[in-house]
Amino acid sequence: MTSMTRRGALGAALALAARPAAAHDYAAGDMAILHPWTRAAGANGNGAGFLGLRNGGAQPDRLISAATPIARAVELHSMERDGDVMRMRPVRDIQVAPGQTVELRPGGFHIMLIGLTAPMQQGARVPLTLRFERAGEVQVELAVEAAGARGTGHH
Ligand SMILES: [Cu+2]
């Protein structure tokens, strides 16, 4: 039952494929979500979602979870240098102070997509639900960039 539901959502996601990788932004309450993107990846691997979070409100807010139908699990991660290696660690939340913009980007905070149930192909869009403590829930789409992309040049 669950896998059928998942497949249905995935079909809808892939139908949105092949749009140009233009900047695209979303809003939830006072929180702006700036150009969500990810890298092309094969099924059964892992992926990472990147985006900007701009808190235009007067209160602090935090990203507390994310979900997508195309991964078995989703975690919020930080990445820090530990000697010669970069290590990822799950974090409980990603805080955004009033007036602040926090960038989730390669080498830093990211949304870890664990166990992809389908490939993410360059040019496609992948649905992602973000949940904020104050701003609530918002549905966005990750634009799938090339496998080795370091950024999109939009920020
Ligand atoms: Cu990670």
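Read the numbers this way: they start at 1 and go in the same order the structure lists the ligands and their atoms. For the single chain, residues carry numbers from 1 onward in sequence order. Heavy-atom basis, side chains included; hydrogens, waters and symmetry copies ignored.
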Could you work out the complete set of other residues in the hydrophobic cluster of Met88, with links drawn between I, L, V, M, F, W and Y side chains under 4.5 Å apart? Met79, Met86, Met112, Ile114
Please assess Arg105 against His110 for the test side chain to side chain contact (heavy atoms under 4.5 Å, CB included), listing each intermediate value before the final yes or no. CA-CA 6 Å; Arg105 58 168 183 252; His110 56 278; over 6 Å; no
The Cu ion (ligand 1) -> His77, closest N, O or S atom is ND1
Please determine whether Met88 has a backbone or side-chain N, O or S atom lying under 2.8 Å from the Cu ion (ligand 1). yes
2.8 Å cut-off met by an N, O or S atom of Asn46 to the Cu ion (ligand 1): no
Angular separation of SD (Met112) and NE2 (His110) seen from the Cu ion (ligand 1), to 10°: 110°
Interatomic spacing from CZ in Arg62 to CG in Asn55 - rounded to 0.5 Å: 13.0 Å
Note: Glu80-Arg87 ion pair, threshold 4.0 Å (strictly below): no
